[in-house]
Amino acid sequence: MQRVEKTIGSLFREVASAYSSREALIHVSSGLRYNYGLLDWEADRAAKGLIRLGIQPGDRVALWAPNVAEWIVAMLALARMGALMVPIDPEAEPADVQYILSQSEARALIACKEADLEDYIDMMLEMRDSVPSLEHIILIADESFPETELWTEVLAGGEDVPPEVLLDISFGQQPSDPVAVMYTSGTTGSPKGVVLDHAGLINKSFHSTARQGITAEDRLCLYFPLFHMFGNTCVALAGLIRGACIVMPCLSFDASAILKALKEEQCTAVYGSPSMFMGLVEHPENQTKLWGTVLKGIVGGAPCPMELMQRLVEEIGVARITVAYGITEASSWITMTDPDDPLDLRVGTIGRPLPCNEVKIVDSASGEEVPPGDRGELCTRGFLMKEYYKMPAATAAAVDQDGWLHTGDIARMDAKGYVTISGRVKDTIFRNGVEIHPVEVEEVLYKRPEVLEAQVFGFVHPEKGDEVAAWVRLKEGAVLSTLTLAAHAKDNVQDECLPHFFKIVDRFPTTRSGKVQKYKLAEMARVEYGGGL
């Protein structure tokens, strides 16, 4: 296995030198366009500006902004001067933002908001009063406000810092040094700060782009939220270390703007969750010709329905798109299909481990590795997180003494190394002593041509105990009754695994990264089927 022993700052400087005049970053909605030489210069200015403010290697700096071009500049600058990036969901509630700022002990907050700016600033100043470590609020904005600093002023201030100051800091960094603290979604408790290093992010990006076939000739469409690892690492960083061009169509998901950018910017690769891709292909403005240059990309974050993959590959022409699986604690991707894999492998599996990863399937009770084809918990080793920040007990519970990360996902791996996910350990449903895996029932529901998205989940019924529900979204204009859906399930699902409750819905509760929150569905079902209990 080829291993890259460099920091993000040194590697990006090499790439920028090699591809100085090549386009690096295009932000369509703002009109900003950077070649590699300009992006490298801007990252230098930002890094020196942060140093001038007093930010030091090892300090945590939070990024709370939508997909603006400055996000990428800040990410590169922080990596270059040794501070740790702490991404925050731009739609996060104030209490969640305050928790992350406090728990990470952030010294600075780089923020941007398009509307209600004064109220936004008042809120951040209140947060600063309650977070002892927070010293600087840096605004990406057109006007200045008291007790804050403008991003443009920080950049300008960097011109007063001698270049050798930044070079000394950069030369002192090691690939094993931490570079980011990325917080988990916190669906089952308080978010945990995943501490990641240069080596993990670079090597996962290097091997994932190698499997996809990404080169400096590619143009990657980036609309996934940058606060999420899929956006900031799997697309942005991964593309930049290959010398590719990153095309950002919009501040947040806007299907019309994305489709327009695919054509006008001649994108060659596209990335997203199945629900995002559904939003694109089902959009009224979608036309196959808009995808004319797009051949590559990744569907990740959730199982990809066969019909969606067939439409992307056979109808739209994204012939070399892959399916991938990863988690933040593993520094991004763990497994990925090959671009030439047949459709059944790109839908029925999450591919094979990347060369930088070890993967095994273990019995959850005994911890022993199971034979090929048997079901168990997926464990991985290689370029993992350093820790959960200030949570040693949680870290020890996730990574065992032999260095294996226990993902909490139930999977099988065949003799060729292809992995199939059955669901989360915590999502497994036990009814009358029978173990039910939601993904397997969902696959049956997807065979109905009217179904756009299916979710099967367990909940506690006040009278019947553990129960199973199946809720689906229909394609636009489609008509399907719950009776017909239930009959289809009865004909194709074993009786002991059959859902007893069916519903047609308009939408599912999701995280900002597009993952359906099944625990919220369970709460809704308890209320609906349990008479409000």
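Values in this document were obtained by computation on a predicted structure and should not be read as measured data.
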Smallest separation among heavy atoms of [X] and [Y], with atom names:
X	Y	value
Ile258	Cys250	CG1-SG, 3.9 Å
Leu452	Tyr446	O-CE2, 3.5 Å
Leu308	Pro274	CD2-O, 3.7 Å
Trp151	Ala46	CH2-CB, 3.8 Å
Leu445	Val451	O-CG2, 3.5 Å
Phe227	Pro90	CD2-CD, 3.7 Å

Item checked: Among Val28, Val68, Leu226, side chain to side chain contact (heavy atoms under 4.5 Å, CB included) partner for Met248 ->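 Only one of Val28, Val68, Leu226 forms a side chain to side chain contact (heavy atoms under 4.5 Å, CB included) with Met248, namely Leu226.
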
Note to self: Among Val270, Ile321, Val318, Asp218, exactly one meets side chain to side chain contact (heavy atoms under 4.5 Å, CB included) together with Lys296. Which residue is that?
What the structure shows: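 Per the side chain to side chain contact (heavy atoms under 4.5 Å, CB included) rule, the option paired with Lys296 is Asp218, out of Val270, Ile321, Val318, Asp218.
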
Nearest 0.5 angstrom please: [X] [atom1] to [Y] [atom2], how far?
X	Y	atom1	atom2	result
Met413	Thr335	CE	OG1	10.0 Å
Leu84	Ile55	CG	CD1	11.5 Å
Gln310	Arg346	CD	CZ	11.0 Å
Asp254	Leu280	CG	CG	10.0 Å

Side chains of [X] and [Y], heavy atoms from C-beta outward: is any pair under 4.5 Å?
X	Y	result
Glu453	Val472	no
Ile121	Leu139	yes
Met85	Pro87	yes
Met81	Leu166	yes
Leu240	Val15	no
Cys234	Ile298	no
Met385	Thr328	no
Val194	Val181	no

Ion pair present between [X] and [Y], side-chain N to carboxylate O less than 4.0 angstrom?
X	Y	result
Lys475	Glu307	yes
Glu217	Arg242	no
Glu42	Lys48	no
Asp340	Arg320	yes
Glu14	Lys6	yes
Asp197	Lys386	yes
Arg13	Asp44	yes

Check for a donor-acceptor pair, side chain of [X] on one end and backbone N or O of [Y] on the other, with a separation under 3.5 Å.
X	Y	answer
Arg412	Ile421	no
Lys263	Trp291	no
His198	Ser176	no
Thr322	Gly297	yes
Thr209	Ile214	no
Thr337	Val323	yes
Thr407	Leu378	yes
Asn203	Gly200	no
Thr380	Glu358	yes
Tyr183	Ser104	yes

Donor-acceptor pair between [X] and [Y] side chains, under 3.5 angstrom:
X	Y	answer
Asp409	Tyr325	yes
Ser208	Ser205	no
Asp341	Tyr418	yes
Ser256	Glu285	yes

Next item on the list: Before giving the answer on side-chain contact (heavy atoms from CB on, under 4.5 Å), spell out for Trp64 and Asp89 the whole-Å C-alpha distance, their side-chain angles and the decisive distance to 0.1 Å.
Entry: CA-CA 6 Å; Trp64 189 27; Asp89 183 350; 5.9 Å; no

Margin query: Test side-chain contact (heavy atoms from CB on, under 4.5 Å) on Glu442 and Gln455; report intermediate values, then the result.
Written below: CA-CA 6 Å; Glu442 289 165 1; Gln455 296 294 332; 3.7 Å; yes

Next item on the list: Could you tell me which residues satisfy salt bridge (charged side-chain N to carboxylate O under 4.0 Å, His left out) with Glu450, sequence neighbours excluded, listed by chain and number?
Entry: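 Checked Glu450 against salt bridge (charged side-chain N to carboxylate O under 4.0 Å, His left out); matches are Arg448.
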
Checklist line | Asp414: partners by salt bridge (charged side-chain N to carboxylate O under 4.0 Å, His left out), with sequence neighbours left out | finding: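 Partners of Asp414 under the salt bridge (charged side-chain N to carboxylate O under 4.0 Å, His left out) test: none.
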
Next item on the list: Verify the ring-centre separation between Trp333 and Phe230: is it less than 6.0 angstrom?
Entry: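 Yes, the ring centres sit under 6.0 Å apart.
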
Notebook entry, point to check: Hey, mind stepping through Glu282 and Arg311 against salt bridge (Lys or Arg N to Asp or Glu O under 4.0 Å) and telling me if it holds?
Noted result: CA-CA 11 Å; Glu282 296 290 332; Arg311 190 166 179 185; 2.9 Å; yes

Checklist line | side-chain contact (heavy atoms from CB on, under 4.5 Å) between Leu63 and Ile88, worked out | finding: CA-CA 6 Å; Leu63 291 173; Ile88 301 178; over 6 Å; no

Notebook entry, point to check: Regarding Lys113 and the six-membered ring of Tyr120, is the cationic atom NZ or CZ under 6.0 Å from the ring centre and inside 45° of its axis?
Noted result: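 Yes, Lys113 sits over the ring of Tyr120.
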
Checklist line | Ring geometry between Phe12 and Tyr36 (parallel below 30°, tilted from 30 to 60°, perpendicular above 60°) | finding: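 Rings of Tyr36 and Phe12: tilted, 30 to 60°.
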
Next item on the list: Show your working on side-chain contact (heavy atoms from CB on, under 4.5 Å) between Leu32 and Leu25 and close with a plain yes or no.
Entry: CA-CA 8 Å; Leu32 291 172; Leu25 176 63; over 6 Å; no

Next item on the list: Run the numbers on Tyr271 and Phe224 for ring pair (Phe, Tyr, Trp, His ring centres under 6.0 Å), then give the verdict.
Entry: CA-CA 7 Å; Tyr271 300 80; Phe224 211 94; 9.5 Å; no

Next item on the list: Please list, chain by chain and in numerical order, all residues satisfying side-chain contact (heavy atoms from CB on, under 4.5 Å) with Arg33, sequence neighbours excluded.
Entry: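 side-chain contact (heavy atoms from CB on, under 4.5 Å) list for Arg33, sorted by chain: Glu23, Ile26, Arg219, Glu265.
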
